[in-house]
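So you know, we letter chains A, B, ... as the sequences are listed, proteins then strands, and number each from 1.
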Amino acid sequence: MHEASRGLSRRAALKLAAAAGLAGIVTVHPGRRVFAAADQSLDLAVERTRITIDGETSGAISIGGSIPAPTLRWREGQEVVVHVTNRLDEATSVHWHGLLLQGVMDGAPGFNGYRPIGPGETYTYRFKLRQAGTYWYHSHSASQEQEGMYGAIVIEPAGRDPVRTDRDYVVLLSDHTPEAPESVLRKLKVSEGYYNNGRRTLVDFFRDARRDGLGAAMDDRLAWGEMRMDATDLADVTGYRFLVNGKGPKDNWTALCDPGERVRLRVVNGSAMSIFDVRIPGLSMTVVAADGQNVVPVKVDEFRIGVGETYDVVVMPTGDKPFTFFAEPIDRTGFARATLASREGMEGEIPERRPRAILTMEDMAMAHGGMDHGSMDHRTMDPGSMDHGSMPGMDHGAMQGMDHGAAARPERAVGWADAGTPPGAKALSYADLKSFSKARDLREPSHEIEIQLTGMMSRYIWTLNGRKFDEGAAIRVAYGDRIRIRFVNTTMMAHPMHLHGMFVELENGQTDRMPRKHVVLVPPGQVTTVQLTADEPGEWPLHCHLLYHMASGMMTRFIVEPRTASL
Amino acid sequence: MTKTSLRTAALAAGSVLLALSAVPSRVAAQEHGGPGDADQAEQFHEEPPILSTLLVDRLEHRWRDGENSIDWEVQGWIGGDTNKVRLNAEGSKPVEGGVEEAEFQLLYSRMTSEFWDVQAGIRHDVRPRPQTTYGVVGFEGVAPYFFDVTAQLFVSEDGDFSARLEAEYDLLITQKLVLQPVAEVNVSAQRVRELHVGPGFNDVELGLRLRYEVVREFAPYIGVNWERKLGETADIARDHGEDPSDLSFVTGVRFWF
């Protein structure tokens, strides 16, 4: 078994941290090719393999011999060298998601002079770790990520970790389909609703008419019909098995821990297409880091995790009984499950499945409601609170946090943001995230870039500012600039927007402690704004992390240009 | 038109369409990307490879008072997001006997908006005799409220104008049980004696099919189909001893890959 399943004891973690202190002595200038001896070097081969999930076997691609790929445990300040050998008959690449590094080491083909690794070739990545936290790595070529090319990265801080725990586990969520990714994309292109088995039917219509009245049900259908959109379009692909550390619900990956221990779960969403709602019934979770960056601890009962995001949570199981880690994709077509228990073989209860949400006109507000984007003050558009409080159509009289209207209509979830959270339970909202450390750059952004998240959903074409990757102009900013980016989602799907090479700071109502993120999940029909100090020169991909959205064109170049003398 | 000249025309039309389809994307790459950007894009995700699909929308047995028949309607395309080459075919034959009607269309189809494609190309009717070749322009797409609409204008090799409008709708009763109403009208600008049509509305066809999608790609169905010839076209039919109105029960299969 790979390292992911092995908990790191507190003593071992402290030892690692001490070693990291020594490693930090080697100074390397980023932005320049370095040949200094590395602290650690490893070989990873990419090869075709088979994966067995819950007893069923299908084709897959592995890095480093397993799916997920081995968890790479490194230390801040260390220089790492990774030799990636391609044993496929097609080009491949490995991208270090969330890591700050020189562009050519980022591993995105076509960017920063990085060339894909041809069949039989070996590419050597070499970079110094300038950060600590939970990250991950995956293929950035074609749809290889969908086929199993993903693994977690854990970087211990050079100094003392403010988060003290007894156990430390990676919980890597992913989705796997036995179908060839090319075939999935073709089906989406030929028949966009191919995988949607939750479309609204005549039977649903009569049920709604009985409950809401014939007129209301008819108006609702006509409104969606007029837009030629589908209120049940939550996820594009079904037929997935949902995995925890490569294991299906029956395989039941288990994290061992004793009652009373503090357990750190490093939750990574390494899915191709699935956004999850995560909870551990009976245990509250304390979120201590988001996208690898420490945040002021916040206690929650559940959280939603977009594709590419990571959340570190600390839990403290009490009593000698198993707890179920439960992650449902937002279209509720299945679940990923793991167990926290004191010994292997224990199983907790599988909780009741949550209802699948129906999108509302409010989810479309920004795109079609005739609102003027330009005149909106971004400061009032705090994305966390927008998830719920500001939705005009919802009954949210006594709502607190994400504990919203579900109580009024227990049989169904209404609106993208409605995870079906039971009354009284606390779901993490982006507004809750507060950076553990103060921001280094407190300048007000000098200019603003609007990026519209666009698409022709009925044709399965996904775009930024209405243009596919091969058609659109690059976004150019000057090195050192302070910029605000407004993501305006004009579609009815959520898009986890990922910028390589840099962190963005989410404008979520915090002032000097905005959370630093590498993926920002932009809800349908909403605006999310981030700030950014453009201090990593290069040509970075900026894209939706839903794999088939990116493959269909939802990507652009974000170029940080060196300042010229004239500036 | 002779067979040889027809083949030449079809080939010429085909190559013009393919050339047309290649040009716009190349121009786009040059306009928007810097030097080398297009090459780099090719290494990565961009326009997905050329895709193709074939839909046998209707392949059915029609049961009626008189002679039962086998009817078909097939649509296929090959291409990318913006440019496609389409092949449409439809026809009918009595269960016992040769093909009575058979039509083929080869069209260049270009996306003009989220929901609409404009199309141009040729149509060739093998039956009824005499064989006729037409130029076609039209559009196809999804109208508000999810009506699938096809509108085509034809000009025959003899200079006769006609048009066809078709609309269909998928009503989901359950996730797998789909009721599909279909309506089609044909119009002619003039009398075409050898094809037995008069000026104005020639005919109207209404269908209602209930299909069960065993899987998305395969759905058997049952239904009813009603056709009515109109105006002078109906008179011509009567003169030939035919009933201008035709009601049939259908059973068939829809599949695609």
Side-chain angles (χ1 to χ4, degrees), chain A residues 91 93 108-111 113-116 140-143 182 185-187 189-191 193-205 221-222 224-230 455-461 467-474 539 541 543 547-548 550-555 557, chain B residues 24-34 36-55 75-77 79-82 84 111 113-117 141-148 169-179 213 215-217 256-257:
Chain A
S93 58
F111 288 85
Y114 175 86
R115 300 269 150 194
H140 222 283
S141 293
S143 338
E182 297 75 28
L185 184 59
R186 177 176 166 276
K187 282 174 177 165
K189 288 272 186 192
V190 169
S191 174
Y194 183 91
Y195 291 101
N196 187 351
N197 296 313
R199 294 170 298 172
R200 294 201 289 187
T201 64
L202 201 62
V203 172
D204 298 329
F205 175 76
R221 297 310 196 271
L222 287 176
W224 286 99
E226 205 256 317
M227 295 188 303
R228 290 162 278 191
M229 285 184 172
D230 180 353
M456 299 186 189
M457 298 200 286
S458 63
R459 296 181 185 266
Y460 213 76
I461 296 171
R467 294 199 178 270
K468 288 192 278 192
F469 175 50
D470 54 339
E471 305 165 345
E539 195 186 51
H543 63 88
L547 183 69
Y548 298 107
M550 177 173 73
S552 307
M554 207 164 192
M555 170 148 94
R557 281 166 204 284
Chain B
S25 55
R26 206 172 295 136
V27 170
Q30 278 164 1
E31 272 172 10
H32 301 290
D37 278 5
D39 286 350
Q40 289 185 342
E42 272 162 28
Q43 298 170 12
F44 198 55
H45 308 278
E46 22 68 68
E47 180 89 4
I50 299 295
L51 302 175
S52 62
T53 183
L54 190 73
L55 165 68
Q75 294 144 28
W77 59 256
D81 284 339
T82 310
K84 292 182 173 73
M111 175 175 81
S113 72
E114 169 154 15
F115 297 102
W116 298 102
D117 279 4
V142 183
Y145 311 108
F146 297 107
F147 287 98
D148 288 310
Y169 185 82
D170 275 357
L171 179 66
L172 270 67
I173 296 173
T174 69
Q175 296 296 332
K176 286 179 171 284
L177 199 59
V178 183
L179 188 67
E213 293 186 347
V215 289
R216 280 261 193 273
E217 292 90 340
W256 60 274
F257 39 84

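A pairwise comparison of heavy atoms in A/Gly225 and B/Phe146 identifies CA-CE1, 3.7 Å as the closest pair. Scanning both residues, A/Arg228 and B/Val142, for their nearest heavy atoms gives NH1-O, 2.8 Å. Minimum interatomic distance between B/Trp77 and A/Val190 (heavy atoms only, all atoms of both residues): CZ2-CG2, 3.9 Å. Nearest heavy-atom pair across B/Gln175 and A/Asn196 is OE1-O, 4.1 Å. Summarising the geometry of B/Thr174 relative to A/Val203, their closest heavy-atom pair is CG2-CG2, 4.4 Å, with the distance given to 0.1 Å. Across B/Phe115 and A/Met227, no two heavy atoms sit closer than the pair CZ-O, 3.9 Å.
Between chain A and the residues B/Ile173, B/Thr53, B/Leu171, the most heavy-atom pairs under 4.5 angstrom are made by B/Ile173.
For A/Arg221, no part lies under 4.5 angstrom from a heavy atom of chain B. With a 4.5 Å cut-off on non-hydrogen atoms, B/Phe147 does not touch chain A at all.
Residues B/Asp117 and A/Arg459 are paired through a salt bridge, judged by an N-O separation under 4.0 Å between the basic side chain and the carboxylate.
No side-chain heavy atom of B/Arg216 sits less than 4.5 Å from a side-chain heavy atom of A/Lys187. For the pair B/Asp81 and A/Lys468, the minimum side-chain heavy-atom distance is below 4.5 Å.
Taken to the nearest 0.5 Å, the CZ atom of A/Arg199 stands 4.5 Å off from the CG atom of B/Leu172. B/Glu114 contributes atom CD, which lies 8.5 Å from atom CD1 of A/Ile461 (distance to the nearest 0.5 angstrom). We find the CG-CG distance between A/Leu185 and B/Leu51 to be 7.0 Å, quoted to the nearest 0.5 Å.
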